[in-house]
There are 2 protein chains.
Amino acid sequence: MKKQSYSCGLDAAVDVIGGKWKALILWALHDGSRRFGELRRAVPGISEKMLILQLREMEHYGLVRREVYHQVPPKVEYSLTDFGQSLNAALIPLGEWGEKHMKTIEAIPAA
Amino acid sequence: MKKQSYSCGLDAAVDVIGGKWKALILWALHDGSRRFGELRRAVPGISEKMLILQLREMEHYGLVRREVYHQVPPKVEYSLTDFGQSLNAALIPLGEWGEKHMKTIEAIPAA
DNA sequence: TCCGATACTGAAAAAAAGGTAAGTACCTGA
DNA sequence: TCAGGTACTTACCTTTTTTTCAGTATCGGA
């Protein structure tokens with residue numbers, strides 16, 4: 001999930017949001033901070049394991065900020081950093097493209 | 001590489017350009033048609049197998065057009081369809097984001 | 001005292017993706 | 001006759017990614 005050098009900007013960007021879930025998590029965070037459990041519900045189908053794994057990676061990349069509230073029961077809030085927000089903004093056209101062509105894409109047989 | 005339904009447009013788009021190579025191939029085709037061998041050289045590090053696999057998938061999705069010239073030695077040209085071009089356009093901001101932050105991304109340790 | 005909620009962690013297995021290397025067919029030119 | 005170029009195909013193997021599922025700690029409330 002990490003190359004040493006990139007052939008172009010898109011290459012680098014794909015490396016960062018690569019995988020099945022990161023883009024969706026980023027998206028789910030676009031309107032403010034969310035707790036772990038909220039995110040799990042916001043990203044349908046994701047397992048707890050994957051959610052944490054991806055969040056940790058995104059935190060490592062500086063896309064996401066993690067804030068722990070020492071309470072019981074525990075509370076952890078995730079939010080986008082400026083870097084994360086800039087990436088999210090760059091993803092908007094792609095999201096719109098997908099929205100526009102979703103019908104077409106869904107109609108394509110899997111095999 | 002194909003879900004039944006998508007939770008949002010980005011979800012669908014990521015499904016379409018998912019994987020290590022599709023975005024790069026799309027990119028390599030943005031300025032006109034290319035032959036198989038040209039593409040292989042244009043996308044550094046890709047194996048012939050992966051290139052064909054991805055091209056076939058993209059053809060299947062209607063992103064790429066394949067034209068065979070019955071000559072010897074054989075000649076096959078790949079180019080973007082309008083659909084492919086629209087996707088490519090949606091990827092431009094992402095490419096620019098990657099370009100802009102490439103230094104930052106490269107500086108992040110892999111582990 | 002036991003249950004539930006929260007946010008995780010770890011091991012193991014399954015599935016998907018990618019890599020390597022060899023082989024195919026065809027004609028051309030040496 | 002034989003190597004060379006093109007565009008693949010096939011089989012096999014390794015790596016990476018994702019899933020599954022059980023388990024941890026804490027405290028409040030029934």
Side-chain angles (χ1 to χ4, degrees), chain A residues 1-4 6-7 11 14-26 28-29 33-61 64-79 109-111, chain B residues 1-4 6-7 11 14-26 28-29 33-61 64-79 109-111:
Chain A
M1 180 105 313
K2 193 67 172 39
K3 295 183 188 172
Q4 317 73 359
Y6 299 104
S7 56
D11 194 7
V14 165
D15 211 13
V16 171
I17 51 145
K20 198 169 171 179
W21 302 111
K22 292 212 191 68
L24 297 176
I25 297 172
L26 219 59
L29 285 171
S33 63
R34 295 262 185 120
R35 299 183 56 172
F36 180 81
E38 289 178 310
L39 276 177
R40 188 181 2 133
R41 286 185 288 275
V43 182
I46 197 169
S47 65
E48 298 196 335
K49 172 94 185 259
M50 269 300 116
L51 183 52
I52 288 172
L53 231 74
Q54 303 301 310
L55 282 170
R56 290 283 144 84
E57 237 179 279
M58 290 161 81
E59 198 191 346
H60 178 72
Y61 273 84
V64 159
R65 188 183 302 115
R66 179 170 180 268
E67 286 168 286
V68 183
Y69 297 78
H70 291 288
Q71 311 172 347
V72 168
K75 173 176 167 182
V76 181
E77 281 203 337
Y78 293 91
S79 55
Chain B
M1 180 102 316
K2 191 70 169 43
K3 294 183 191 172
Q4 316 76 357
Y6 299 104
S7 56
D11 194 5
V14 164
D15 211 12
V16 171
I17 51 144
K20 198 169 170 181
W21 303 111
K22 291 212 191 66
L24 296 177
I25 296 173
L26 220 59
L29 285 171
S33 64
R34 294 264 183 121
R35 300 183 57 172
F36 179 80
E38 288 179 310
L39 277 176
R40 190 183 356 137
R41 286 184 290 275
V43 183
I46 196 169
S47 66
E48 297 196 335
K49 169 175 166 185
M50 271 300 117
L51 183 51
I52 289 171
L53 232 75
Q54 303 301 311
L55 282 170
R56 289 283 144 85
E57 235 180 280
M58 291 162 81
E59 197 191 345
H60 179 73
Y61 273 85
V64 159
R65 190 183 301 118
R66 180 169 179 268
E67 286 168 287
V68 182
Y69 296 78
H70 291 287
Q71 311 173 345
V72 169
K75 174 176 165 182
V76 181
E77 282 203 336
Y78 294 92
S79 54

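Residue numbers begin at 1 in each chain, while the letters A, B, ... track the order of the sequences.
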(Q) If I take atom CZ in residue B:R40 and atom P in nucleotide D:dC8, what distance separates them, rounded to the nearest angstrom? (A) 10 Å
Q) When you match B:L53 and B:E48 each to their closest nucleotide on DNA chain C, which lands nearer the 5' end? A) B:L53
Q) Below 4.5 Å, heavy atoms only, C-beta onward: do B:L55 and B:L39 meet side chain to side chain? A) yes
Q | Given DNA chain C, 5'-ward residue of the pair B:P74 and A:R66, judged by closest heavy atom | A | A:R66
Q.
Looking at D:dT19, I'd like to know if its phosphate oxygens (OP1 or OP2) sit under 4.0 Å from a side-chain N or O belonging to A:K20.
A. yes
Q: State which of C:dG18, C:dA7, D:dT6 makes the closest approach to the side chain of B:M50.
A: C:dG18
Q: Nearest whole angstrom, please: distance from the P of D:dA7 to the CD of B:E38.
A: 8 Å
**Q.** Reported CG-to-CH2 distance for the pair B:D11 and A:W21, which is rounded to 0.5 angstrom
**A.** 8.0 Å
Q | Nucleotide C:dC27, atom P - distance to NE2 of B:H70 in whole Å | A | 13 Å
Q) Do you know the tightest heavy-atom contact between A:V14 and B:G19? A) CG1-O, 4.1 Å
**Q.** Interatomic distance, B:W21 CH2 vs C:dA17 C1' [rounded to whole Å]
**A.** 12 Å
(Q) Given C:dT6, C:dA7, C:dG10, identify the nucleotide with an atom nearest to the side chain of A:V76. (A) C:dA7
Q) Are any of A:R56's side-chain N or O atoms less than 4.0 Å away from OP1 or OP2 of C:dC8? A) yes
Q) Are any non-hydrogen side-chain atoms of A:I46 and A:I25 less than 4.5 angstrom apart? A) yes
Q. How long is the line joining CG of B:L39 and C1' of D:dT6, in whole Å?
A. 14 Å
Q. Rounded to whole angstrom units, what separation is found between the NZ atom of B:K75 and the P atom of D:dC8?
A. 13 Å
Q | Any B:Y78 side-chain heavy atom under 4.5 Å of B:E38 side chain | A | no
Q) Looking at the side chain of A:K49, which of C:dA12, D:dA7, C:dC8 is the nearest nucleotide? A) C:dA12
Q) Under 4.0 Å between a side-chain N or O of A:Y78 and OP1 or OP2 of C:dC8? A) yes
Q. In whole angstrom, what separates A:R34's CZ from C:dA7's P?
A. 13 Å
Q.
If the cut-off is 4.0 Å, is B:R35 near the phosphate of D:dC8, judged by side-chain N/O to OP1 or OP2?
A. no
Q: Quickly work out the B:L51 CG to C:dA21 C1' distance and round it to whole Å.
A: 17 Å
